Amino acid sequence: MRRQYRADGLLEQDLAADPLHQFARWFTDAERSGIDEPNAMVVSTADAEGRPSSRTVLLKAFDERGFVFYTNYGSRKARELEANPYVSLLFPWHPIARQVIVSGRAERTGRDETAAYFRSRPHGSRLGAWASDQSAPVASRAELEARYAELAARYPEGEGVPVPPFWGGFRVVPDAVEFWQGRQNRLHDRLRFVRTPEGWRVERLFP
């Protein structure tokens with residue numbers, strides 16, 4: 001199970017001035033390539049004892065402040081981020097032989113920002129946020145569906161669903177962002193932006 005990557009390379013002079021603008025360029029390329037859910041990313045956290053865990057989450061916003069996703073604040077990832085805010089994000093865009101790896105610190109988004117996003121979600125997704133005690137054990141699928149049905153009866157389609165107080169966003173403020181481009185003979189291009197007091201420094205890594 002081995003393939004040769006024949007993509008064009010990534011050179012320092014072709015980079016944007018900062019990692020968020022470079023990410024925007026590559027995200028647009030990923031969208032245009034037809035990748036299914038290019039905003040899917042692997043979020044890796046670690047608990048207070050350093051034991052790691054990973055899961056796939058959808059990126060919901062990004063700008064010069066960082067990368068935003070939403071979750072139940074009682075979920076495993078949220079509890080681990082409260083104990084240890086350091087986090088890694090991985091965008092695995094395999095069809096175009098690219099990866100983006102973000103390392104940084106997570107901080108909660110404000111309630112106004114959370115509420116604005118929550119109101120933009122489909123009605124069923126808003127009910128689902130209330131129905132699920134994310135990461136907690138549940139006795140059966142039937143129990144989950146019964147919770148959802150009760151909420152659907154209480155908040156029918158077209159009626160506003162309040163934002164759960166236990167649900168909200170995290171913004172990952174990057175300290176480093178690596179852009180990985182697959183190349184032939186495993187001589188991949190790896191260019192990493194590193195935050196410094198003077199601004200972003202770019203370094204090339206051995207593949």
Side-chain angles (χ1 to χ4, degrees), residues 1-69 71 76-78 80-107 169-207:
M1 298 173 64
R2 182 179 297 275
R3 57 175 290 206
Q4 279 282 17
Y5 301 124
R6 301 182 182 277
D8 293 335
L10 179 64
L11 301 178
E12 285 82 348
Q13 60 264 32
D14 297 327
L15 288 175
D18 64 75
L20 274 304
H21 283 91
Q22 181 62 36
F23 180 83
R25 289 180 184 176
W26 272 25
F27 189 82
T28 298
D29 290 345
E31 287 183 296
R32 290 175 177 169
S33 74
I35 291 175
D36 187 38
E37 293 191 316
N39 61 324
M41 59 185 182
V42 179
V43 177
S44 297
T45 58
D47 64 17
E49 286 71 47
R51 293 172 295 197
S53 63
S54 299
R55 74 288 293 159
T56 301
V57 175
L58 295 180
L59 175 73
K60 291 302 178 181
F62 67 90
D63 57 23
E64 68 280 355
R65 297 172 295 169
F67 302 82
V68 176
F69 65 91
T71 187
R76 178 176 178 177
K77 60 181 168 298
E80 291 185 348
L81 288 173
E82 295 295 342
N84 176 3
Y86 293 101
V87 60
S88 175
L89 311 177
L90 168 64
F91 295 85
W93 295 327
H94 302 307
I96 56 175
R98 286 179 175 176
Q99 301 179 73
V100 179
I101 303 112
V102 179
S103 302
R105 291 175 57 95
E107 56 186 34
F170 280 103
R171 174 173 285 104
V172 177
V173 180
D175 295 320
V177 184
E178 178 184 332
F179 295 88
W180 184 101
Q181 174 68 72
R183 297 295 301 275
Q184 199 167 8
N185 300 318
R186 296 300 187 263
L187 299 180
H188 313 308
D189 286 322
R190 297 177 60 188
L191 297 182
R192 181 168 63 187
F193 285 85
V194 179
R195 190 189 295 274
T196 73
E198 294 75 36
W200 291 101
R201 182 183 77 248
V202 176
E203 56 190 16
R204 177 175 286 271
L205 306 178
F206 277 109

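By convention here, the first residue in the shown sequence is residue 1. The shown structure was predicted, so the numbers you read here are calculated from the model rather than taken from an experiment.
The two atoms that bring Ala40 and Pro92 nearest to each other are O-CD, 3.8 Å, heavy atoms only. Residues Pro174 and Val102 share a closest heavy-atom pair of CB-CG1, 3.9 Å. Nearest heavy-atom pair, Phe193 versus Ala16, reported as atom, atom and distance to 0.1 Å: CZ-O, 3.5 Å.
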Notebook entry, point to check: Could you go step by step and tell me if Phe170 and Glu107 meet the side-chain contact (heavy atoms from CB on, under 4.5 Å) rule?
Noted result: CA-CA 5 Å; Phe170 280 103; Glu107 56 186 34; over 6 Å; no

Item checked: Residues Asn84, Thr45; criterion side-chain contact (heavy atoms from CB on, under 4.5 Å); working and verdict -> CA-CA 8 Å; Asn84 176 3; Thr45 58; over 6 Å; no

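Residues meeting the salt bridge (Lys or Arg N to Asp or Glu O under 4.0 Å) test with Arg195, sequence neighbours left out: none. Taking the side chain to side chain donor-acceptor pair (under 3.5 Å) definition, one finds that Thr71 meets it with Ser75, Lys77, Gln134, sequence neighbours left out. Applying the salt bridge (Lys or Arg N to Asp or Glu O under 4.0 Å) test to Asp29 and every residue at least two apart in sequence or in another chain returns Arg98. The side chain to side chain donor-acceptor pair (under 3.5 Å) test applied to Glu178 returns Arg190, not counting sequence neighbours. Every residue two or more places apart in sequence or in another chain that forms a side chain to side chain donor-acceptor pair (under 3.5 Å) with Asp63 is listed here: Arg65. Contacts of Thr56 classified as side chain to side chain donor-acceptor pair (under 3.5 Å), with partners at least two apart in sequence or in another chain: none.
Remark: the Ser103 side chain and the Ser88 side chain contain no N/O donor-acceptor pair separated by less than 3.5 Å.
Distance alone, capped at 3.5 Å, places no donor-acceptor pair between the Gln181 side chain and the Gly9 backbone. Counting only distance, with no hydrogens or angles, the side chain of Asp18 and the backbone of Leu20 share a donor-acceptor pair below 3.5 Å.
The shortest distance between side-chain heavy atoms of Phe91 and Leu59 falls below 4.5 Å. Side-chain contact between Val87 and Val43 is present, with at least one heavy-atom pair separated by less than 4.5 Å.
A ring-ring contact (aromatic ring centres under 6.0 Å, His included) check over residues 26-48, counting only residues at least two apart or in different chains, returns the pairs Phe23-Phe27, Trp26-Phe179, Phe27-Phe62. Listed by first then second residue, pairs satisfying salt bridge (Lys or Arg N to Asp or Glu O under 4.0 Å) with a partner in residues 40-49 read Asp47-Arg51, Glu49-Arg51, not counting sequence neighbours. Applying the side-chain hydrogen bond (donor to acceptor under 3.5 Å, both in side chains) test to residues at least two apart or on different chains, none of the pairs has a partner in residues 31-42.
Shown are Leu89, Val57, Leu90; of these, the side chain to side chain contact (heavy atoms under 4.5 Å, CB included) with Val42 is made only by Leu90.
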N/O donor-acceptor pairs under 3.5 Å from side chains in residues 198-207, not counting sequence neighbours:
residue	atom	partner	partner atom	Å
Arg201	NH2	Glu203	OE1	3.3
Glu203	OE2	Arg192	NE	2.8
Glu203	OE2	Arg192	NH2	2.5
Arg204	NE	Glu12	OE2	2.9
Arg204	NH1	Asp189	OD1	2.7
Arg204	NH2	Leu10	O	3.0
Arg204	NH2	Glu12	OE1	3.1

